[in-house]
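Side chains included, hydrogens not; waters and symmetry mates left out as well; all remaining heavy atoms used. Letters A, B, ... are given to chains in the order of the sequence lines, protein chains preceding strands, and every chain is numbered from 1.
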Amino acid sequence: MTIVRLGYVAMSVHLENASPSQTMTYKQFFQLKDREAGLRKLERIAVSNLQNCLRLLKHNLANDIRFFRFSSKLVPLANHPELKDWKFMRALKEPLREIGDFIESHPQRIGFHPDHFVLLNTTNKDTLKNTLQTLKIHEAMLKGMAVDPKHRCVLHVGGAYEDKEKALEQFIHNWGLTPVSLQDLIILENDDTVFTMHDTLYLCEKLGVPMVFDYHHHLANHEKDWEEDWGRVAGTWTNSPLPVKMHISSPRSDKEYKAHAEYIDPNMFMDFLNEIKGSVKQIDCMIEAKKKDDALFRLVEELGENKQLRWVDKASFEIL
DNA sequence: GTGCGTCAAGTCCAG
DNA sequence: CTGGACTTGACGCAC
């Protein structure tokens, strides 16, 4: 028996004026005459982003959604080198606590996906430093919510740097330079251009890191089929407090195969589900589509009549 | 109100 | 070697 929960990314197209990613660019900040006033403005933006996250969590609850990825742009300029003296966590303590309280009373699996400038396999010292700094901020946010940080941040392996094998070994090297508390955050995802499921599995098994399987990326970038090694993917989760996680998206078109479509192709998703049926007790599927929660709702509608599924609630089902 | 240019990050490709 | 594309959502300015 396999239970599937559906989740979505960062923002809702149904809730109005609820962006969790409002921002101020460094250029805007830099041009302000009063730096202190600028910092207070950044804090107001960050607090508003967090308040909007809470609205999103309530929206999720109302729709039985218990799986959600926070925006990684919650705190604008949080890791900017010119703002090192900015103690933004002080202003965020209360809104983070409110989110934490809500999650505690209405459990949802939440996590982050720091953007692709976070590169753990870089050979550039500054880039690595920024990467670790960004991870540290994500850890602080999770701690501020009183959420166990373990396995809450999805990362890609990183750049190829002209030699994929070497780049994989560089990842392992840099892993040794990464504080254990930050290692604990990380789960790794196969990407659509360089590191395949098998490359990623190599690292995950070697380093004891859970792997997030991205089915769409796999279709775009693979040397081998995924089915016979699916058990290895599931195996990377055996020591995690969280269920197996994967990413679901559909190609925008044949021409723009790697780009995300607005909605999810239900047939492609069913193909996957039929293949993994019974292999794991529970799997959380992150819907990565342009239309965000609307794509989730549409998928639920389209799969609603499917005889192979038994619905547990509005956003989760059992594969029969 | 709509829409296009700008912003930010690191990589990678074209020239 | 350099400069622009890539990606994403937000935002500001022009019409």
Step by step, would you call A:Ser72 with A:His138 a side-chain hydrogen bond (donor to acceptor under 3.5 Å, both in side chains)? CA-CA 8 Å; A:Ser72 276; A:His138 282 86; 3.0 Å; yes
Would you sort out whether A:Asp229 and A:His198 count as a side-chain hydrogen bond (donor to acceptor under 3.5 Å, both in side chains), showing the intermediate values? CA-CA 8 Å; A:Asp229 288 312; A:His198 290 90; 2.5 Å; yes
Can you tell me how far [atom2] of [N] sits from [atom1] of [X], to the nearest Å?
X: A:Glu162; N: B:dG10; atom1: CD; atom2: P; answer: 18 Å
X: A:Asn130; N: B:dG10; atom1: CG; atom2: C1'; answer: 10 Å
X: A:His156; N: B:dG10; atom1: NE2; atom2: P; answer: 16 Å
X: A:Lys73; N: B:dC7; atom1: NZ; atom2: P; answer: 16 Å
X: A:Lys41; N: C:dC11; atom1: NZ; atom2: P; answer: 9 Å
X: A:His116; N: C:dT8; atom1: NE2; atom2: P; answer: 9 Å
X: A:Leu42; N: B:dA8; atom1: CG; atom2: P; answer: 13 Å
X: A:Gln133; N: B:dA8; atom1: CD; atom2: P; answer: 19 Å

Please determine if a side-chain N or O atom of [X] lies less than 4.0 Å away from the OP1 or OP2 oxygen of [N].
X: A:Asn79; N: B:dA8; value: no
X: A:Lys292; N: C:dG9; value: yes
X: A:Lys290; N: C:dT8; value: yes

How is A:Ala160 classified with respect to the nucleic acid when contacts are heavy atoms under 4.0 Å: base, sugar-phosphate, or nothing? sugar-phosphate
So what does A:Ser71 hit on the nucleic acid, given a heavy-atom distance under 4.0 Å: a base, only sugar-phosphate, or nothing?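 Contact class for A:Ser71: none.
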Any side chain to side chain donor-acceptor pair (under 3.5 Å) involving residues 2-11 of chain A? Give me the pairs, sequence neighbours left out, ordered by first then second residue.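 Only A:Arg5-A:Asp284, A:Tyr8-A:Asn60 qualify under side chain to side chain donor-acceptor pair (under 3.5 Å).
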Using a cut-off of strictly less than 4.0 Å between a heavy atom of the residue and any atom of DNA chain C, enumerate the qualifying residues of residues 21-31 of chain A by number.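 Per residue number, the list reads A:Ser21, A:Gln22, A:Thr23, A:Gln28.
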To the nearest 0.5 Å, tell me how far A:Asn174 CG sits from A:Thr127 OG1. 10.5 Å
For [X] and [Y], I'd like to know if the aromatic rings sit close, meaning centre-to-centre distance below 6.0 Å.
X: A:His14; Y: A:Phe297; answer: yes
X: A:Phe272; Y: A:Trp226; answer: yes
X: A:Trp237; Y: A:Phe213; answer: no

